[in-house]
Amino acid sequence: MQPGPSLLRQISVRLVAAAVLVSLIEIIGVLAIYASNRPKLAAELVTTEADRVFDALTSDDPHQSLAQLEAPRGADDWALTVHDSSRKLIFEHAPKNPKLFQPLPAPVDHEWTRLERDSGPVILSGARHLPNNAWVTMTVSGESLPLFGLVFVREAYAHVIVPVAPVTILLLVLNVYIVRRMLAPLEASAAEVDALEPSRMETRLSVPATPREVRALVLAMNRALDRLERAMQTLESFTADAAHEMRTPLSILKLRVEALEAGPAKDALREDVSAMTRLVNQMLDLAQADTLDSQITQTVDLAALARDVVERMLPVAVGRGCDIALIDHGGGTVKGHAEALARVLANLIDNAIAHSPRDRSIDVTVGPAARLVVRDRGPGFSPENAELLFRRFWRGAAPGRAGAGLGLAIAQSILARHGATIAADNAPDGGAVFTIQWQQESLS
C-alpha cells in the first residue's frame, strides 16, 4: 500500500468539512433570525412552558406535580395560573416579587403572547389552550440570553438539525459514491501499471472513456510506454548485432593464435580469446532471452534434455579433470524452448566445472517431477553474496575461470519466461547447489 491518504479520503474529508461548515452557518443564521425576533422567541417560550404544565396535569397526581414545577430555565421569577375547561381556577403559583408583575388576566377565548419589556430583564406573558381544554396563563421574567437559550436550542434542532442532517448525510454518501466511481478508472490504470512486466513490453493500459483527465493521463502513459519499447528494442538489437558481428573477427583471431608457436604467450592469448568468445556468446544469449515469449511452445522432456547437455559438456569436464554424474529421479515434461533451456543447464554445468576441484564429480539430478539440480564440490558462496549471484556483471571472488558475470543472470531471465525459478544454496558437506523448479501452471 502506498503511503499517505488516498485521493478518495481527501475528497471525502473535504466534503464532510464543507457540509459541517454549511450546517453551522445555517444554525447561526437561524439563531440570528430568532434572536432578532423577540416576540417569536416569547411565543415559543410560552408554548414550551405550557407543554410542561400539560404533562403535570396528566400525571397521576396533578396537584403535586403542578406544585413541584420549577421555574423556566433562565427565569428570575414567574407567575402561573391554571383553569379548567369551565374557567375554574385549579392551580396558582405566585411570583416572588408581586410588584414586578401585573396580575394575570382571566382566560379568554384565544391564545395570546405579549412581550411587556424586551430590554434589561425581559418580562413576557401569555396564555395557551391545552389539549384537555384547560387554560394556562403565565408571566416570566429574566435576562434574555439564559431565558431564551433553550428556545434557541429547540429551534436549531427542529428547523436545522432534523430537516438538514438526513439530507446532508445522504448527499455525503452520494458524493463519496460518485467520487469513487469517478476514480475507478484511475485505480484500474494503477493496477495495470503495477502489472506491467519487462517481458511484455507490448502491453498497454486500457483507455477509459471518461473522465477526460484520467483518459489524458492514460494516453500519455501509453505514449511513454511506446517510446520505452522502441528504446528497449533498439538496445536489444544493438546488443545482438554487436555480439553477432564480433563472432567473425574472434574466429579469425582464434585461427591466428593457433598458428603461433607454442609457448606461454600463445596459451595466454588462447585464454583471452576463449574468454572473449564466452562473453560474446553470453551477450547473444541475453539478447535472445528477451525475445523468447512467443517461442515457448515445445514440449521438453527434462530427462532427455539433461542427458544431451551432460553428454555435450562431459568432454569439457574431463578436460579439466572432473566428472559429471547424471541422476534421474523421473523428470517430467514442461512447455518451453528446448534450445534456451539447454543453454541454461549448460551454463550451470560450466559454472560448476569452473569452481570444482580436480578429480571431483558434478551431480546433475533430474526430478522428481519438473525439477533440475546442479551441484558442485567447490567452495560454495558466502551468505552475504547469495542475493548477488543472479545480478548482471557481478562476479564473486572465488578462484576459477574469469567471466563477465552474466551466466546466472541469463539463466534466471530465461527460466522466468518459462514459469520456473532458480535458487542457490550451499550443500551441507560443501559445494554450491542450484535448483530449478517449474511452477504447476508451466507444466505441459
Side-chain angles (χ1 to χ4, degrees), residues 23 27-28 30-166:
S23 298
I27 291 174
I28 293 173
V30 170
L31 296 182
I33 292 173
Y34 272 90
S36 63
N37 190 348
R38 294 294 183 86
K40 176 68 174 177
L41 292 175
E44 290 292 338
L45 179 58
V46 172
T47 300
T48 300
E49 295 307 314
D51 291 339
R52 287 206 304 145
V53 172
F54 176 72
D55 291 339
L57 279 174
T58 55
S59 65
D60 295 336
D61 190 349
H63 187 76
Q64 183 178 358
S65 297
L66 289 171
Q68 292 177 350
L69 278 177
E70 296 181 355
R73 183 174 301 178
D76 297 329
D77 201 358
W78 72 312
L80 175 70
T81 60
V82 181
H83 296 76
D84 61 15
S85 57
S86 61
R87 305 298 195 273
K88 179 182 178 181
L89 181 65
I90 58 176
F91 179 79
E92 181 178 12
H93 174 77
K96 293 183 293 184
N97 186 6
K99 295 180 179 180
L100 183 64
F101 293 165
Q102 297 181 4
L104 293 175
V108 293
D109 292 335
H110 61 274
E111 297 180 344
W112 57 272
T113 304
R114 182 170 60 248
L115 188 60
E116 299 180 5
R117 184 195 298 173
D118 63 355
S119 61
V122 174
I123 299 178
L124 60 92
S125 304
R128 293 291 185 270
H129 186 205
L130 303 181
N132 62 352
N133 290 324
W135 285 87
V136 57
T137 308
M138 69 184 71
T139 300
V140 180
S141 69
E143 297 296 332
S144 59
L145 184 59
L147 189 62
F148 295 135
L150 183 59
V151 177
F152 282 172
V153 174
R154 287 168 57 93
E155 289 302 314
Y157 178 79
H159 295 90
V160 178
I161 297 177
V162 171
V164 172

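Given the structure is predicted, the values throughout are model-derived calculations rather than measurements.
- For the pair Ser141/Leu100, a side-chain contact is recorded, criterion being any heavy-atom separation below 4.5 Å from C-beta on.
- Applying the side chain to side chain contact (heavy atoms under 4.5 Å, CB included) test to Leu104 and every residue at least two apart in sequence or in another chain returns Ala79, Thr81, Thr137, Thr139.
- For the salt bridge (charged side-chain N to carboxylate O under 4.0 Å, His left out) test, residues two or more places apart in sequence or in another chain that qualify with Arg114 are Glu116.
- With a 4.5 Å cut-off on side-chain heavy atoms, Met138 and Ser125 do not count as touching.
- Evaluation of the ring-ring contact (aromatic ring centres under 6.0 Å, His included) test over residues 51-80, restricted to residues two or more places apart or in two chains, returns Trp78-His93.
- A salt bridge (charged side-chain N to carboxylate O under 4.0 Å, His left out) check over residues 85-112, counting only residues at least two apart or in different chains, returns the pairs Arg87-Asp109.
- The side chain to side chain donor-acceptor pair (under 3.5 Å) test applied to Thr47 returns Arg128, not counting sequence neighbours.
- The shortest heavy-atom contact between Ala75 and Val140 is CB-CG1, 3.7 Å.
- For Asp55, the side chain to side chain donor-acceptor pair (under 3.5 Å) criterion is met by no residue, not counting sequence neighbours.
- Within the 4.5 Å cutoff, the side chain of Val136 has no heavy atoms near those of the Leu57 side chain.
- With sequence neighbours excluded, no residue forms a side chain to side chain donor-acceptor pair (under 3.5 Å) with Arg73.
- By the ring-ring contact (aromatic ring centres under 6.0 Å, His included) test, His129 is found to be paired with Trp135, residues two or more places apart in sequence or in another chain being considered.
- Rounding to the nearest 0.5 angstrom, the gap separating the CG atom in Asp77 from the CD1 atom in Ile123 is 9.5 Å.
- Residues passing the side chain to side chain contact (heavy atoms under 4.5 Å, CB included) test with Glu70, sequence neighbours excluded: none.
- Looking at residues two or more places apart in sequence or on another chain, you find a side chain to side chain donor-acceptor pair (under 3.5 Å) between Ser59 and Ser65.
- Of all heavy-atom pairs spanning Pro72 and Arg52, the tightest one is N-NH2, 3.8 Å.
- Of all the heavy atoms in Asp84 and Ser86, the pair that sits closest is OD1-OG, 2.9 Å.
- Across all their heavy atoms, Val122 and Phe148 have their closest contact at CG1-CZ, 4.1 Å.
- Side-chain contact between Leu80 and Glu49 is absent, with no heavy-atom pair separated by less than 4.5 Å.
- Taking the side chain as every heavy atom from C-beta outward, Phe91 and Val53 never approach each other to under 4.5 Å.
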